[in-house]
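Indexing begins at 1, ligand by ligand and atom by atom, following the structure's order. For this chain, numbers begin at 1 and follow the sequence in order.
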Amino acid sequence: MLYFARPSLAAELADQLEGRAVFGDAQNGLFLAAPRRTGKSMFLQHDLKPELASRNVLVIYTDLWSDQRRDPGDLIAEAIARELQQHLGVVAKTARKAGLASVTIAGTLKVDTSGIGKIDGTTLVQALRTLHETAGRPIALIIDEAQHALTSEAGETAMAALKSARDQLNTPAEVALMLVMSGSDRDKLLRLVNTNGAPFYGSSIHKMPTLGKGYVDHVTALIEAQRPELKPVDHLTLLEAFQLFGQRPQFFHAAIGQALNPLESTSGEGFEQGVLAAAKEKRAQDAAQMRSDYLGLKPLEQAVLWRILAVGQNFRPYDADALAFYRQQCAGLSITAQKVQAALESLRARTPALIWKSARGEYSADDAAMHAWFGELQATGQWPPAAEPEIR
Ligand SMILES: Nc1ncnc2c1ncn2[C@@H]1O[C@H](COP(=O)(O)OP(=O)(O)OP(=O)(O)O)[C@@H](O)[C@H]1O
Ligand SMILES: [Mg+2]
């Protein structure tokens, strides 16, 4: 299916990053959150990146989830180093020819010519400054899944260095370093901005607009062009289905493909109803999966996860209130801090992990969808989920 571009959103964000918006604070860093699979990475790479590039901005994109085995701090440093090496290519090549292992630029920064240099916190600032000087234009650093940086010390250091680089390079007259951080979990991204010690304290997180109606209209037009006999396509039903799919194009595409497949027997209703039915089923399946994950946990693990879901950012695993809560949920069990720690570890060690932990010991549900699931059940008086009665 053809890509649905969002040029006006990209232009708006680029304006903000360049500090052209009268209000707003994107020149200090733009933080964007949207749920998983809703098109963040595609937008950043195929809409925002070209828009910034057309404004003569040097764009560096890195996805901290691209390789889960690598330290996020290294991934950030490497992305910058790779760009820097390209700009210094000529200098470096000459140095290599002359048999030098490294070259020193502007008297301070040493660049490893044998491969991609590893840059630490202090030199990261210098590397960005050198890149800005050699490129002679502003730099935009787009960090996808930025919350992942908080899971390692090197990642935290890199974030602090980026903040420092931003403060050193940007002047009231020019935004030389634009930072865009995106993530699938607002709650985790918040840890970058919301405490005094957080690297980007004071910045706020924006909800990245999801694809929405414009996208569904685009898909509707494609279907009508390819299958004129289906005109008029009931776009409102498709929109409802897309929303039920959590605005995730992948599942929506698959369901449309299936509903349009002549080999699939249809009940005589329009294919739109087939897509809607698939969306409802997917939603029920997702909820059933979370429910069975939850019910499969040991009592203390359930209590800990419940507490995380219930108090969110205020979660303190071992405070008196938390311990009292676990005891109340696990009547008859003796609860100690060690047992709580073991429960937290086992929730984190599962594949897929149920909880997320930052390098500073902050916790959150790994999948933000779990918060929504919890909220919905709680609002409708169905929490905690009870085991299905056994069918005899
Ligand atoms: N603008 C678009 N038009 C058409 N399809 C899209 C668009 N954006 C995303 N998609 C589809 O949705 C899928 C998910 O997109 P993407 O990887 O950008 O989401 P994401 O939010 O970054 O997901 P994750 O949370 O897994 O990183 C893509 O593989 C693509 O098929
Ligand atoms: Mg992504």
Checking V304, L309, D367, L344 against I355 for side-chain contact (heavy atoms from CB on, under 4.5 Å), the one that qualifies is L344
Using distance alone, determine whether W65 and ligand 1 share an N or O pair under 3.5 Å. no
Test Y326 against W306 for ring pair (Phe, Tyr, Trp, His ring centres under 6.0 Å), laying out the working first. CA-CA 9 Å; Y326 310 142; W306 179 344; over 10 Å; no
Atom indices of ligand 1 within 4.0 angstrom of L211 heavy atoms, with elements: 1 (N)
Under 3.5 Å between some N or O of ligand 1 and some N or O of D144? no
Decide whether the shortest distance between a heavy atom of R6 and an atom of ligand 1 is less than 4.0 Å. no
Is the NZ or CZ atom of K163 positioned over F200's six-membered ring, under 6.0 angstrom from the centre and within 45° of the axis? no
D286 and R248 ion-paired at < 4.0 Å: yes
Does S41 bring an N, O or S atom to within less than 2.8 Å of the Mg ion (ligand 2)? yes
Any idea which of P249, S184, G214 brings a heavy atom closest to atom 11 (C) of ligand 1? P249
Ion pair check, R55 and D15, cut-off under 4.0 Å: yes
Out of Q45, H46, R37, who gets a non-hydrogen atom closest to atom 17 (O) of ligand 1? R37
D144 and Q45: CA distance, side-chain angles, deciding distance, side chain to side chain donor-acceptor pair (under 3.5 Å) verdict: CA-CA 10 Å; D144 206 353; Q45 293 176 91; 5.3 Å; no
Considering only heavy atoms of E145, which atoms of ligand 1 have at least one such atom less than 4.0 Å away? 25 (O), 27 (O)
N/O of G39 under 3.5 Å from N/O of ligand 1, yes or no? yes
Should we say atom CD of Q338 is surrounded by more than 12 heavy atoms from elsewhere, each under 6.0 Å from it? no
Let me see the working for S334 and K339 under side chain to side chain donor-acceptor pair (under 3.5 Å), right down to the final yes or no. CA-CA 9 Å; S334 80; K339 286 187 186 167; 3.0 Å; yes
So is M42 polar-close to ligand 1, meaning N/O to N/O under 3.5 Å? yes
Mind checking whether R36 has an N or O less than 3.5 Å away from an N or O of ligand 1? yes
Suppose I only count heavy atoms of S41 and a 4.0 Å limit; which atoms of ligand 1 are within that range? 18 (O), 20 (P), 22 (O), 27 (O)
Main-chain N/O of A368 paired with R186 side-chain donor or acceptor, under 3.5 Å: no
Within a distance under 4.0 Å of any heavy atom of Y215, pick out the atoms of ligand 1 and give their elements. 3 (N), 4 (C)
